[in-house]
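The structure presented is a predicted model; accordingly, all values stated were derived computationally and were not measured.
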Amino acid sequence: MSLDDVRSAATVIAPHVVRTPLLPFGPGWLKPESLQPIGAFKLRGALNALARMENRANGVVAYSSGNHAQAVAFAARLHGVPAAIVMPDNTPAVKIEATKALGAEVFIVGITERVERAEALVAERGAALIPPFDHVDVIAGQGTIGLEILDDLPSVDAVVVPMSGGGLISGVATAIKALKPEVRVIGAEPALAADIAASLQAGELIRWDPVERAQTAADALRDEPSALTWEHISKLVDDVITVSEDEIFAAVTDLARRTRLIAEPSGAVAVAAQAKIGGTGVAVVSGGNIDPALLARLLAD
């Protein structure tokens, strides 16, 4: 995946995404992807991938813990094709209902059955699969965030990006390192799902049990990287910061009270990581699709 792929993606998706601003936050900055029409950065990759597909006449299929589901449903509706989305049974209800509201057909399965069920639907329907991160066009779409950060803040010294499947940080790091290799790209992970941190320390891809990763409240960060995203991460990411559940919840609360931004736990992970390292970098707020009951509980404390 190259810088040219990211620049091409930026042209494709520009009519349909919000070019999110950089917002001051302490000594640093926020990139609030929670302001996208579906409430998360995932829209960028889904729009780019679906726009480039030639075999979409029979619809598209995706598997997702929630935000990619909404992104594919949105993109499919835009292009007038049916979408079938496979979601794990531990997905927050707010994300399931939002995906259905966008017109997608939703299938709920066990947390280890998503890929198998999605592949079966592709075979049954002759549909096209849009994976959440293991796809060059998806990664390129997410990388457009890196282009925007460099355009808006040429003096940026670090960008903090949440990691899970790795599509977001792979794309952002590709763009940033191609244009300004001196800028540090720092990954952020929940300590309860820190398989990438363990992999970078070991120098090879380490697999964690999905049930173990599912313990974190950051439900959008429960995936593991693919060979494709690991190739990017292992070469381009400078460091990784892990954060506790309490630090994640504190970041959610801090964002709501100080900036009036609503972030889901996954979306606040980079903010929690930046708070630990300080500095004037940019933290990517990746999504804002929080369970209303959780938000109410956090703000009441």
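With hydrogens and angles ignored, the 3.5 Å screen pairs no side-chain donor or acceptor of T242 with any backbone N or O of A191. Judged purely by atom type and a 3.5 angstrom limit, T259 uses its side chain to pair as donor or acceptor with the backbone of L255. Under a 3.5 Å cut-off, the side chain of S199 and the backbone N or O of I206 do form a donor-acceptor pair. Within the 3.5 Å criterion, the main-chain N or O of D137 finds a donor-acceptor partner in the side chain of H135. Looking only at distances, a side-chain donor or acceptor of E247 sits under 3.5 Å from a matching main-chain atom of S244. When atom types are taken as modelled, the side chain of T229 and the backbone of G165 share a donor-acceptor pair closer than 3.5 angstrom. E148 places no side-chain N or O within 3.5 Å of a backbone atom of R19 that could act as its donor or acceptor partner. Checking side-chain atoms of K42 against main-chain N and O of P132 turns up a donor-acceptor pair under 3.5 Å. A donor-acceptor pair is defined here as one N or O able to donate and one able to accept, closer than 3.5 Å; such a pair exists between the side chain of R222 and the backbone of T216. A donor-acceptor distance shorter than 3.5 angstrom exists from the side chain of S234 to the backbone of W230, with no hydrogens or angles considered.
Two residues are said to be in side-chain contact when any heavy atoms from C-beta on lie closer than 4.5 Å; V243 and V269 meet this criterion. Side-chain atoms of L78 and H16, non-hydrogen and from C-beta on, do get closer than 4.5 Å to each other. With contacts defined as side-chain heavy-atom distances shorter than 4.5 Å, the pair P82/R56 does not qualify. For the pair I277 and I241, the minimum side-chain heavy-atom distance is below 4.5 Å. Considering only heavy atoms from C-beta on, M87 stays 4.5 Å or farther from F107 through its side chain. Taking 4.5 Å as the limit, every side-chain heavy atom of E212 sits out of range of all side-chain heavy atoms of L192. In this structure, the side chains of I186 and V237 stay at 4.5 Å or more apart for every pair of heavy atoms. Contact annotation: the side chain of L294 never approaches that of V252 to less than 4.5 Å [non-hydrogen atoms, C-beta and beyond].
Cluster membership check: V183 shares its hydrophobic cluster with V282, using side-chain heavy-atom separations under 4.5 Å among Ile, Leu, Val, Met, Phe, Trp and Tyr. Hydrophobic clustering of Ile, Leu, Val, Met, Phe, Trp and Tyr side chains at less than 4.5 Å, counting indirect connections, unites L205 with L228. Taking hydrophobic clusters as Ile, Leu, Val, Met, Phe, Trp and Tyr residues chained together by side-chain heavy-atom distances below 4.5 Å, L43 does not share a cluster with V138. A single hydrophobic cluster is not seen to contain both V61 and L50; linkage of ILVMFWY side chains at heavy-atom distances under 4.5 Å, directly or through other members, places them apart. Residues L47 and L102 fall within the same hydrophobic cluster, defined by Ile, Leu, Val, Met, Phe, Trp and Tyr side chains chained together at heavy-atom separations under 4.5 Å.
Among all heavy-atom pairs drawn from E189 and I196, the shortest one is OE2-N, 3.1 Å. Heavy atoms only, all atoms of each residue included: K177 and L236 are closest at CE-O, 3.4 Å. Taking both residues in full, the closest heavy atoms of Q70 and T99 are given as CG-OG1, 3.3 Å, listed atom of the first, atom of the second, then distance. In plain terms, the two heavy atoms of L129 and M53 that are nearest each other are O-CE, 3.2 Å. Across S65 and T91, no two heavy atoms sit closer than the pair O-CG2, 3.1 Å. The shortest heavy-atom contact between A49 and I130 is CB-CG2, 4.0 Å.
Side-chain polar atoms of R44 and N48 form no donor-acceptor pair below 3.5 angstrom. Residues T253 and R258 have side chains that never bring a donor and an acceptor to within less than 3.5 angstrom of each other. Donor-acceptor pairing under 3.5 Å is recorded for the side chains of D5 and S2. Using modelled atom types and a 3.5 Å distance limit, the side chains of S164 and D223 yield no donor-acceptor pair.
With rounding to the nearest 0.5 Å, the separation of CG in D238 from CD1 in I176 is 10.0 Å. With rounding to the nearest 0.5 angstrom, the CG atom of L22 is 5.0 Å from the CG atom of D152. The CD1 atom of I38 sits 9.5 Å away from atom CD of E33, with the distance rounded to the nearest 0.5 Å. Note that the CZ atom of F41 and the NZ atom of K31 stand 13.0 Å from one another [nearest 0.5 Å]. If you take OG1 on T174 and CE on M1, they are separated by 3.5 Å, rounding to the nearest 0.5 Å. Distance OG/S286 to CD1/I169: 11.5 Å, rounded to 0.5 Å.
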Inset, instruction - Begin with the C-alpha distance, continue with both residues' side-chain angles, and end with the deciding distance and a verdict on side-chain contact (heavy atoms from CB on, under 4.5 Å) for L30 and V271. - result: CA-CA 8 Å; L30 304 174; V271 178; 3.8 Å; yes
Inset, instruction - Take R184 and D239, measure what salt bridge (charged side-chain N to carboxylate O under 4.0 Å, His left out) needs, and give me the verdict at the end. - result: CA-CA 8 Å; R184 288 171 54 77; D239 199 1; 3.8 Å; yes
Inset, instruction - Could you please spell out the steps behind the side-chain contact (heavy atoms from CB on, under 4.5 Å) verdict for I149 and W29? - result: CA-CA 10 Å; I149 290 172; W29 300 83; over 6 Å; no
Legend entry - Full working for side-chain contact (heavy atoms from CB on, under 4.5 Å) between L299 and R257: CA-CA 8 Å; L299 293 179; R257 290 177 174 160; 4.1 Å; yes
Inset, instruction - Run the numbers on L147 and L3 for side-chain contact (heavy atoms from CB on, under 4.5 Å), then give the verdict. - result: CA-CA 9 Å; L147 294 182; L3 177 62; 3.9 Å; yes
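By the 6.0 Å contact criterion, NZ on K235 is open, its count of non-hydrogen atoms from other residues, nucleotides or ligands being 12 or less. The neighbour count for Q201 CD, taken as heavy atoms of other residues, nucleotides or ligands under 6.0 Å away, does not exceed 12. Annotation for E116: atom CD does not count as buried by contact number, only 12 or fewer foreign heavy atoms lying within 6.0 Å.
Under the 4.0 Å criterion applied to side-chain N and carboxylate O atoms, E105 and R125 are assigned as salt-bridge partners.
Annotation: side chain to side chain contact (heavy atoms under 4.5 Å, CB included) contacts of E264 (sequence neighbours excluded): N67, K95, D219, A220, S266, N289, I290.
When V285, V17, T20 are each tested for a side chain to side chain contact (heavy atoms under 4.5 Å, CB included) with L35, only one passes: T20.
Both tests do not hold together for R117 against Y63: distance to the six-membered ring centre under 6.0 Å, angle to the ring axis within 45°.
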